[in-house]
*Asks:* 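A single structure is presented below for examination.
Positions are given from 1, in the same order as the sequence printed here.
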Amino acid sequence: KQVEAMKRVLESLNLNIVEMVDENATLDGGDVLFTGREFFVGLSRRTNQRGAEILADTFKDYAVSTVPVHDSLHLKSFCSMAGPNLIAIGSSEAAQKALKTMQQMSDHRYDKLTVPDDAAANCIYLNIPSKGHVLLHRAPEEYPESAKVFEKLKDHMLIPIANTELEKVDGLLTCCSVFINKASEL
């Protein structure tokens, strides 16, 4: 019932909603990485080519490239955006192979931040006007070596988040978050 619940919330915010009506299409948010320039869509157990095509039809102003995902639940199980031009990526063979595919598919060159733990590469970047670059990342007690890599980002406000319990049911930081850029109406 996740889709219905999210639809109600988005409707209450008066946001434009595009529904996939093709019964053969699947698209999971954990497989959609928006870089600010383009979309990368992981083809996984939860997202198929038809779902990626519908995303491309919906966002015609952006390139949409597909990335095969093996040995992981989602694309964002091992990568996410850690800054405006910075991809956080895990060190596993599957993560590095996906990154290579992304680099080959894109006309843009992104900086990369490689962390030892794939799950720690799932972080949340926010550009908050009063705070600047803010990065929510996994806590040092969970992934100490990856946390050391994030600590090198001196221009980011770093906020470590403990997520051990949700990770047990495949809930990473981006899975548990929906960010909406909408001015508040006072």
Side-chain angles (χ1 to χ4, degrees), residues 1-82 84-110 112 117-126 136 163 165-182:
K1 300 190 180 201
Q2 191 176 35
V3 173
E4 293 84 12
M6 281 305 305
K7 183 178 177 184
R8 282 192 306 274
V9 169
L10 297 175
E11 286 173 340
S12 75
L13 294 169
N14 295 317
L15 295 173
N16 185 30
I17 298 171
V18 176
E19 292 189 61
M20 291 192 329
V21 293
D22 185 333
E23 292 178 7
N24 297 315
T26 59
L27 183 68
D28 191 297
D31 284 315
V32 179
L33 180 65
F34 181 59
T35 69
R37 296 176 173 270
E38 62 192 313
F39 288 94
F40 292 106
V41 178
L43 299 180
S44 69
R45 290 174 285 180
R46 295 189 178 184
T47 298
N48 63 19
Q49 183 66 39
R50 184 64 188 127
E53 290 167 0
I54 291 172
L55 182 79
D57 289 343
T58 303
F59 295 97
K60 294 182 188 310
D61 292 341
Y62 295 97
V64 176
S65 302
T66 57
V67 181
V69 173
H70 305 287
D71 304 324
S72 291
L73 184 62
H74 299 299
L75 177 63
K76 290 194 284 190
S77 294
F78 53 74
C79 75
S80 60
M81 295 307 293
N85 193 46
L86 181 62
I87 295 177
I89 187 77
S91 296
S92 72
E93 184 178 331
Q96 292 298 308
K97 187 175 180 179
L99 177 64
K100 185 175 182 178
T101 299
M102 292 163 62
Q103 290 170 328
Q104 291 170 342
M105 302 293 278
S106 180
D107 292 335
H108 183 71
R109 292 291 154 238
Y110 296 96
K112 68 177 181 173
D117 307 286
D118 281 6
N122 181 276
C123 56
I124 297 173
Y125 169 76
L126 303 166
L136 285 66
N163 196 55
E165 290 305 307
L166 286 170
E167 187 175 18
K168 291 176 182 176
V169 292
D170 295 323
L172 297 178
L173 296 180
T174 60
C175 301
C176 302
S177 308
V178 176
F179 294 94
I180 298 169
N181 187 10
K182 186 172 190 306

*Asks:* Please report the interatomic distance CG(Leu136) to OG1(Thr174), rounded to the nearest 0.5 Å.
*Replies:*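 Going from the CG atom of Leu136 to the OG1 atom of Thr174 covers 11.5 Å.
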*Asks:* Could you point out which residue of Val18, Thr47, Val41 forms a side chain to side chain contact (heavy atoms under 4.5 Å, CB included) with Leu55?
*Replies:* Val41
*Asks:* Does the side chain of Thr101 reach to within under 4.5 Å of the side chain of Pro68, using non-hydrogen atoms?
*Replies:* yes
*Asks:* Let's go through Asp22 and Ile54 carefully: what are the C-alpha distance in whole Å and the side-chain angles of both, what is the deciding distance for side-chain contact (heavy atoms from CB on, under 4.5 Å) to 0.1 Å, and is it a yes or a no?
*Replies:* CA-CA 9 Å; Asp22 185 333; Ile54 291 172; 4.0 Å; yes
*Asks:* Look up atom CG in Leu75 and atom CE in Met102, then write down how far apart they are to the nearest 0.5 Å.
*Replies:*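 So the gap between those two atoms works out to 5.5 Å.
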*Asks:* Roughly how far, to the nearest 0.5 Å, is NE2 of His74 from CG of Asp31?
*Replies:* 6.0 Å
*Asks:* Name all residues meeting the side chain to side chain contact (heavy atoms under 4.5 Å, CB included) criterion together with Ser80; count only those two or more places apart in sequence or in a different chain, and write none if there are none.
*Replies:* Ala88, Cys123
*Asks:* So which pairs with a foot in residues 44-64 pass ring-ring contact (aromatic ring centres under 6.0 Å, His included), sequence neighbours left out?
*Replies:*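 Non-adjacent pairs meeting ring-ring contact (aromatic ring centres under 6.0 Å, His included): Phe34-Tyr62, Phe39-Phe59, Phe39-Tyr62.
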*Asks:* Measuring only between side-chain heavy atoms, which start at C-beta, is Lys7 closer than 4.5 Å to Ile17?
*Replies:*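 A side-chain contact exists here, since the closest heavy-atom pair is under 4.5 Å.
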*Asks:* Give the minimum heavy-atom separation between Ser77 and Leu172, together with the two atoms involved.
*Replies:* CA-CD1, 3.8 Å
*Asks:* Listing request: all salt bridge (charged side-chain N to carboxylate O under 4.0 Å, His left out) pairs with a residue in residues 52-81, at least two apart in sequence or in separate chains.
*Replies:* Arg50-Glu53
*Asks:* Using side chain to side chain contact (heavy atoms under 4.5 Å, CB included) as the criterion, list what pairs up with Asp118, not counting sequence neighbours.
*Replies:* Phe78, Ser92, Ala95
*Asks:* Quick one: does Arg37's side chain get under 4.5 Å of Tyr110's, heavy atoms only?
*Replies:*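 Result yes, sub-4.5 Å side-chain heavy-atom pair found.
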*Asks:* For the residue pair Ser177 and Ile124, what are the closest heavy atoms and their distance?
*Replies:*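 Heavy-atom minimum between the residues: OG-CD1, 3.3 Å.
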*Asks:* Does any non-hydrogen side-chain atom of Ser44 lie less than 4.5 Å from one of Asp28?
*Replies:*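 Heavy-atom side-chain distance check fails, nothing below 4.5 Å.
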*Asks:* Going by the salt bridge (charged side-chain N to carboxylate O under 4.0 Å, His left out) test, which pairs reach into residues 85-103, not counting sequence neighbours?
*Replies:* none
*Asks:* Just how far is it from atom CE of Met20 to atom OG1 of Thr26, taken to the nearest 0.5 Å?
*Replies:*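 Interatomic distance, Met20 CE to Thr26 OG1, rounded to 0.5 Å: 6.5 Å.
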*Asks:* Quick one: pull up CD in Glu38 and CZ in Phe40 and give me the separation to the nearest 0.5 Å.
*Replies:* 3.5 Å
*Asks:* Between atom NZ of Lys1 and atom CZ of Arg8, what is the distance when rounded to the nearest 0.5 Å?
*Replies:*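 Those atoms lie 9.0 Å apart.
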*Asks:* Considering residues at least two apart in sequence or located in another chain, which fulfil the side chain to side chain donor-acceptor pair (under 3.5 Å) criterion with Thr66?
*Replies:*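 Listed in chain order: nothing, the list is empty.
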*Asks:* For Glu4, look at atom CD and say whether over 12 heavy atoms of other residues, nucleotides or ligands are found less than 6.0 Å away.
*Replies:*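 Check passes, neighbour count above 12.
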*Asks:* Would you say CD of Glu23 has more than 12 non-hydrogen atoms from neighbouring residues, nucleotides or ligands within 6.0 angstrom?
*Replies:*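 Counting other residues, nucleotides and ligands, CD of Glu23 stays at 12 neighbours or fewer.
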